[in-house]
Amino acid sequence: MARKAATPTPPPLAWSSTFHLSPSPPPASLTGDKLLLPQAALENLLEAASQSATTTTTSHDPASWDYVSPHEALSRRNEARQQLPHPLTFRVTNLVTGRVAYAGIREFSAEEGQVVLSTFLREGLALPTITQQRQGEGDAELLEARIKVEAVNVPKGTFARLRPLDAGYEEDWKPILENHLQKNFTTLAVNNILAIPRLSHQPGKDFKFLIDRVKPEGAEAICIVDTDLEVDIEPLNEEQAKESLRQRELRKKAESSSGGQINIDGPKEGTISDGNVVRFNLKTWDRSKPISINVPEENVDILVSTDTIQGYPRLEEWTWARFDGSKPIVILPDDPVIISAKEVRISLRVYEQSLIDSNSKKPMPLPTKFLLSITQTIHRNDNEDEEMADANADSEICSNCKRSIPKRSMMLHQNFCFRNNILCPHGCGQVFKRGTETDHWHCTECKAFGLNTPDRSTYDKHMDVAHTSRRCTSCDYSAGSLSELATHKTTICPNKLILCRFCHLVVPQEEDTNFTAAITGLAPHETGCGGRTTNCHICERIVQLKNMEVHLKNHDLERKSQPLPRVCRNVNCARTTADNNLGLCSVCFGPLYSSAYDPTGQALARRVELRYLTQLLKGCGKSWCTNEMCKTGRANRKPPLPTIPSKEATALVKPLVTKEGLRGGYTSHPLHFCVDETISKRKHLAEMLSFTEDSQGRNGWAIEWCIKAVEVVALEAADELETMNKAREWLEKFAVKRDE
Ligand SMILES: [Zn+2]
Ligand SMILES: [Zn+2]
Ligand SMILES: [Zn+2]
Ligand SMILES: [Zn+2]
Ligand SMILES: [Zn+2]
Ligand SMILES: [Zn+2]
Ligand SMILES: [Zn+2]
Ligand SMILES: [Zn+2]
């Protein structure tokens, strides 16, 4: 279908990198198996190309015949662009699900750190589809997705057999199909499904082909650029086509098993298909008891983490896990990770054969059913107790099979037992019918054992999980086992993602070079990030972000230890007091002041009495006055209060001006003097404030604090609304609430 390949196979490029998936859907121009990588990836690829082009011939000894001067090396690097293999082909791995696809590159125009994948690649990697994304689904998966892209040499293909999966295939489509492949695809991978819109009779739908076989034989994928590819289209019979579609639908359904919130003693059923993960979260549990998480299905792996890692647990990122299908996971209540956790997150997955043998081409297994249950009740094993009781009474333990046997029949039993049963000589404690003991395996490196299945898969899985070294995908740490790697990735790996408490971004935690993380409780990134300074919103002083919490706590302590402000004892007034015998502000006290000698206070009492009587009988004449001890004020009230006749007025005032009445407290014995218009308004605002709640919906502030707040902000505020708002702000920052 194209020119004959003229160039020999280029040397392999050693380049791979891990990317986030671009949050925006792929552009319409990104068709076929194409992806977009960032500019930096091109730089690194060129670097890698120049390495592989020069390493074999470079010497650093100027006397050597193959010495390459730095200048020469640079120009060779510039030539590397021409030396980049054409076409570039990549293996793309979804690190969350382990799914693999093959891809070619469209251009280097993605955002730094991100990869953009075509719809075809997204589907191949079991990522949420564009439609799901538009409907707002799968956001978490998209955010969590980590895509590993590695440059690989894919052999040039000579042959591909496609099988139409929809009815109505027509022979003359072959040229259209070939044209479509040539325009949109760099690679073809076995078992992938091609969806070609132009061939469908129904607009908006795709016509599907399964890539059934390729040559060179045994290749997982082939490159179809610059090759003479022979395309063979072999229709399936109707039955086969239907069956293959049905299988596909089944898998799709299984993929939709959605997980979600789970409760203690509220088991959940579901299905997982190969390569998929079902995720659950547990939000409330009894923190004094152990949590037991179980799935009876032995081939379902359980991965558990808490909110100390971002997202849900993944194959290489978990705190607790079960891979051998044996027992539930039990998390003890004093485990430090669970103590600080707000949420327990569980991922269920089916162990993938592909991890053991990436070339195995077994058909996709059917979805696995599971039943996940979380309990906190501790079951005592009653049977065990019974057996123990038996043993104590009339029975003994058979030295061969370790079962409890009645004493009187022991002879008989052992006669039989030694002939027929064998206790595993390797010490795993299991008893087998003689001759079948070879049906189980023991790990030579640890105490694990298990039953042999025809393909020894449990043994292979044990070796893979427990004794295969793995490299961290994001730093150069190398772990001896999956659990070591998981511990690394969820604790000290510099690239572990954290939600920074200072910049509020999800960022790598960085390397703990000074070993301060354990002491400060701050991730290394946070130590740096928290070293930035800002102005305290209360005292305006410059404070480091990481000290802000303590700084604000001090403000809070200071604030709460303040006494209630002393305010003017005149109920109509809204000023904080000056010191005088009556507890009035200087303005209210002014008219009552006299420099005359008055040791008993009688002259003062007389002046207060006079002022009251003047108010009650003559009135202050001010339009704003609402003082109930003033003739004008009484008339201004709505509804108006009747005028008080002079006799009654004298009687009313008398008790107010006794020694006791004058010395009394603000609330028990208030004074009632007329005030000016400004103060009258302030008092009104302060009263309104004292009836409102604070920002936390609690009881708000006492009138004394409200009076102080209005007094402090009144001069800077343009109108009443602004006064109210500023006073509230001031109260939140500086005042003590009623219930604090
Ligand atoms: Zn026995
Ligand atoms: Zn054994
Ligand atoms: Zn082992
Ligand atoms: Zn690491
Ligand atoms: Zn930060
Ligand atoms: Zn401060
Ligand atoms: Zn006053
Ligand atoms: Zn008045």
Side-chain angles (χ1 to χ4, degrees), residues 20 112-113 298 307-310 324-327 398-403 417-418 420-453 456 458-463 466-467 492-514 516-517 520-562 712 729-736:
H20 291 264
E112 247 3 278
E298 290 189 356
D307 47 302
T308 49
I309 69 165
Q310 297 297 307
D324 60 1
S326 56
K327 323 178 263 292
C398 166
S399 58
N400 189 40
C401 67
K402 308 292 176 198
R403 274 205 304 255
C417 190
F418 277 104
N420 292 290
N421 294 335
I422 179 165
L423 179 66
C424 172
H426 303 289
C428 69
Q430 296 184 100
V431 177
F432 295 91
K433 221 182 196 168
R434 205 169 271 280
T436 65
E437 69 271 17
T438 47
D439 283 351
H440 80 295
W441 54 264
H442 294 100
C443 176
T444 48
E445 296 180 44
C446 74
K447 286 182 185 154
F449 56 85
L451 284 183
N452 273 341
T453 47
R456 273 169 69 88
T458 60
Y459 175 75
D460 292 341
K461 180 176 170 184
H462 170 75
M463 292 309 285
H467 306 296
I492 57 166
C493 177
N495 281 309
K496 177 193 164 187
L497 297 179
I498 54 151
L499 177 64
C500 172
R501 69 188 81 180
F502 302 120
C503 62
H504 306 289
L505 295 172
V506 174
V507 289
Q509 65 173 345
E510 296 171 17
E511 202 171 334
D512 191 10
T513 41
N514 305 320
T516 54
T520 58
L522 295 178
H525 163 88
E526 289 177 316
T527 306
C529 196
R532 294 178 297 134
T533 58
T534 188
N535 286 43
C536 168
H537 75 284
I538 293 176
C539 67
E540 303 282 325
R541 269 195 291 252
I542 295 170
V543 182
Q544 285 195 328
L545 288 175
K546 64 181 165 197
N547 297 331
M548 189 56 93
E549 199 180 332
V550 174
H551 179 92
L552 288 178
K553 251 188 200 138
N554 281 335
H555 277 308
D556 221 37
L557 281 178
E558 245 173 70
R559 180 179 63 79
K560 285 186 195 161
S561 62
Q562 298 172 103
V712 170
E729 262 172 48
W730 186 93
L731 285 166
E732 294 280 359
K733 277 191 203 170
F734 301 108
V736 185

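First listed ligand is number 1; within each ligand, the first listed atom is number 1. Any value given below was found using the heavy atoms of this structure, including those in side chains, with hydrogens, waters and symmetry copies removed. Predicted model only: the values in this text are computed from it and were never measured.
- For Gln544, the CD atom is densely surrounded, since the number of other residues' heavy atoms within 6.0 Å is greater than 12.
- The number of heavy atoms from other shown groups lying within 6.0 Å of CD (Glu549) does not exceed 12.
- Heavy-atom contacts from other residues, nucleotides or ligands closer than 6.0 Å to CG of Leu557 number more than 12.
- Within His555, NE2 is the N, O or S atom that lies nearest to the Zn ion (ligand 6).
- Here the rule is side-chain contact (heavy atoms from CB on, under 4.5 Å) with His537, and of Glu729, Lys733, Met548, His555 only Lys733 fits it.
- The angle His442:NE2 - the Zn ion (ligand 2) - His440:NE2 amounts to 100°, with values rounded to 10 degrees.
- Our summary of the site lists the angle at the Zn ion (ligand 5) between SG of Cys500 and NE2 of His525 as 100°, to the nearest 10 degrees.
- Coordination check, His537 versus the Zn ion (ligand 6): failed, since every N/O/S atom of the residue sits at 2.8 Å or beyond.
- Among the backbone and side-chain atoms of His504, none of the N, O or S atoms lies under 2.8 Å from the Zn ion (ligand 5).
- A salt bridge does not link Lys553 to Asp556: none of the charged nitrogens lies less than 4.0 Å from a carboxylate oxygen.
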